[in-house]
*Asks:* 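Can you keep this structure in mind? I'll have questions shortly.
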Amino acid sequence: MSSQLKSHWGARILFALLLVFVLVTLGIAYIRDARRGLPYHDSFAAGQAGEWVAYGGAWNLLQQGIENDSNEPGAKLVTGSPYWKDFRLDADVQLLGEGDAGVILRARNLEAGVDSYSGYYAGVRTGDQSVVLGRADHGWTEFPPQAMPGGIAPYRWYHLKVTASRCVISMTVTSLATGDTANVSRADAKCQTSGKIGLRSVSAGGKWRNISAVPLDAADSPLAPVLPTSQHDVLFPTDQGRLGANRVADDTARALASSLVPKTVQPIRSLRFLSTSHPAAATIRGTVVLTIPKVYVQDSSGGTEIEPANGNPLKVGDEVEVSGTVYPAGLNAVIRNATVRPIWEWAPIPALSVTTEQAATGAFNGMWIEVEGRLYEKSLGQGSPLTLNLSDGQQDFLAVTSSIGAERLLHKLPLNSILRLRGICTVDPALTHDTVPFVLILRSIGDAKMVAGPPWWTADHIAGIVAGLLAAGFILYVVYARAKDWKLRVVMAERENLSHEIHDMLSQCFAGIGFQLRGVLHRLQNQPSQVDLDSLRQEVSVAYGFVKRSHDVSRASLGSFHPEALESAGLIPALEQCAKRLVTAGGVEVDATATGDVRPLPVHVMDSLFRIGQEALSNAVQHAHPTRLRIGAHYSARRVRLVIEDNGRGFNTHERSNGLGLNGMKLRAEDLNGTLKILSEAGRGTQVTVSASIPSRRTWFQRLAYSGRQE
Amino acid sequence: MRQRRLNHGILLSLAALVLTATMLSSCRKSAMQVAVIPRATATTMWEAEHAGAQFAATKHGIQLYWNAPTREEDVEGQIALVDEIIDSKYQGLVLAPDQPLALLSLVQRAAANGIPTVIVGSRLALPPGKNLSYIVNDDIATGRMAAAEVGHLLGGKGRVAVLGIDPVSTSALAILHAFDTTLEKDYPQIVITERRAGSYNWTEADQIAEEILAVEPNLNAFFSLSPAGTFGAHHALDRRPGSDRIKLVGFQQTPELMSLVRGGKVDALIAENTYQMGYQAIELLAANAKQDSMGRDVQLAPTLLTSKNADSPDVQSLISTDWSHKN
């Protein structure tokens, strides 16, 4: 029964493992499918961009597209699957100044930074009026650029069509204003084979629209004649985007600088001192730190909101001169009807790291700062920005953003986590509602970073731990109950064996005793006068013989229940002792030997071998009437072979294969994954051989696990 | 029984396969990985370091990781990057610290963690050691070279304003003090009338230069310690009539400033050899991988760039943005 049980559980476990393997394989195959998510088309027109992730920049949805109005070099916005392989990417691109903008494809290992990704970039560049194609791998390898007929100009739309087919990257750029086109196609020896798609700008910022990606068939040909890999491609770390970008071109800069007539330029912080009754004109110089939803300019003394009168588009990082009418209100001042003149284009300035107490003083009003706080509430209003309520224990404040991915941020940031936030600090009552000292306006969701998760002792975690403990307890209980049940079944099986033995041996003896005694009783009751003392003596003598035999059998059986010799001396000495007990008065010679690499056996192996040997000895003594019994064990590297041999009268194995407890012996041998052989012939004795696999020499683990004795 | 053996066989085979694959993947010798963190990316001066490092890396089969903040004053951004690198798998670090004190602990930690670290650009207060070397600009020579050039331009007599001093940069202060002492010693009739701090903000530098010109009508020369300061001074001078007599010497090169040198708008630039810094740093790390070679302290001499030598090959290698010809 125990063998069936083990086999049953083994099959179940194997099936479960197989099922898990198949499910995991299918899951991995689905996730890694190169066509999953393709074809793709953006949903910017519907006001949705939740699938895009920003790495730097200031990204805002437009009516028909998306815009990065930051000068940050290498700002990226990425979507798609890291397993997209061969596809065509289409996009319309517009530069917002002198610089570089385009698309990235097969992008992986993405980080904030200029070339901090592995993949390809295809774009248009004003510096050398060319279309650019190259590979980034936390460095930049540029394929020879192609001059664009008619040049590349800011605020003009270009259509980019880029294909990635195996290791050939092709691009075609078409000016939507003039119809001019330029192509670049390159076989890349160090090709990046799969990755996401994205938008990227260097220095100038840009606009994108109509972004789509479709799978590419093997039959699709490159967009232009493929140039082979060149030696010059190996090393070409250019200051990408800087040639004429990141700055106003020198001639332009000189003209602008000349136009900066020396005048009184006021520190921004002093604007709040100006008259509230008679708005005064003022000029400031500073850096643009926010463009949406409001424009903020900052210098070393402070920051202020401006309302530009002209439509000159501004980008984060622009250094500007602003002239206009100042309207102070408390700690705030707004420059209205402002004339903004760009002086310089540069990367956005880093945030000033301050404490919440410092921010709460208003000294950093209108400035780009970084603070830390614990998130205790978050909400996303319909059509309104994401609002985070934070506190550092001393000061409560708010952080708001309406940038792309705000919804994702809402789910990503757990309550009670500690956040590091960068944003424009404003004490404007219109935003603070006089309930908190200041509000941070975040440019993008990347401006909120979790520096520490919530403490583990939150109610959710404790509930989770309790649930986990309960589940573990339940599993332990199930395992314990199963083990108990299993043990009970083993005991019941042993009892069944015992009952068979009692039935086979003792019950027959008792039946004989009963029969003899009943005969004696019957004669004493019915014919007391005719009792033949000799026959009576004979019958009582037979009954006594049965009693003696019963006594011997019961003693032998009880001995077999607890083979002390097996524990103390080992398998062969225990079988020898058993054999000698069985043949006490028979004058049978017993010979026991162990050969080979004799070593301790696992308990279950030793017990089963002992039972088989005991049964074989018992059969030999009871049925074969031998004069010699031989018990032998041979230990090889991985097996043990036990042989019980007698020189008795033997039997025909074909006729009596199911008797003599042979079934029990077979089952025990099967439990050991072993074999049982019985060789016998009438008049020529019997040889019972059982062979079982055993572990090789004991390891430290086996010494702990097994307590078998050395033979 | 046979079925059971078969199942065990399949499981054992699978386990053996997984084990073999794991062992094979771990046995594969991977390329040495080195992180190169300049002060800022996408700037000519530090892309030159990238080019030097890349050429040496290709020669030795080293894989480079290149990243940095986009502005030199973003110290926190650089700290965060270096912090991640120390906890990653890199076998070397080349760092141009944005700020000497703020990066000190991180560099100590990198060296203590067994990451050979080469500091380029300007030095830290730590002595070179088992895992720390320096390949830096010779600040004293820079200060002396600037003083000699100003002395030469002014004929040994005049008034000088110093702009663009980063008050928390030991390197900038070392240049300033060398400039100061050299003038005192060699050109005692040249007086430094203004010493003004400056950021990386062009308009702020412009404004400061304006203020100096307003309060110092007899000024004879500007010495700027930053490209932003040089640009600011140039544009302030460009707007002011009759300011041609005021000389302008700047520290650190860009292609745009070099075109001003060619046009006579800037009299001289003193250039750091960032290309060699990158190249020699990777060479040192490659040598160290074979045999302990750290603990070096190399100072690279600055180069004076003027309109006379602007087109010489040596100068071109300091201001070019196209390194393909070196391949």
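Per chain, numbering begins at 1; letters A, B, ... match sequence-line order. Quick caveat, the model's predicted, so the values are computed rather than measured.
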*Asks:* Between A:Arg639 and A:Ser691, which heavy-atom pair has the shortest distance, and what is it?
*Replies:* NE-OG, 3.2 Å

*Asks:* Pick one of side chain, backbone, both or neither for A:Thr287, based on which atoms fall under 4.5 Å of a heavy atom in chain B.
*Replies:* side chain

*Asks:* Could you tell me which portion of B:Glu84 (side chain, backbone, both or neither) has an atom closer than 4.5 angstrom to a non-hydrogen atom of chain A?
*Replies:* side chain

*Asks:* Can you name the residues that form a side-chain contact (heavy atoms from CB on, under 4.5 Å) with B:Glu76, not counting sequence neighbours?
*Replies:* A:Ser353, A:Glu370, B:Asp74

*Asks:* I need the residue from B:Val75, B:Leu81, B:Asn67, B:Val36 with the largest number of non-hydrogen atom pairs under 4.5 Å to chain A.
*Replies:* B:Asn67

*Asks:* Ion pair present between A:Asp115 and A:Arg200, side-chain N to carboxylate O less than 4.0 angstrom?
*Replies:* yes

*Asks:* List for me each residue that meets side-chain contact (heavy atoms from CB on, under 4.5 Å) alongside B:Ala236, sequence neighbours excluded, and say none if there are none.
*Replies:* B:Asp206, B:Ala209, B:Glu210, B:Leu213, B:Arg239

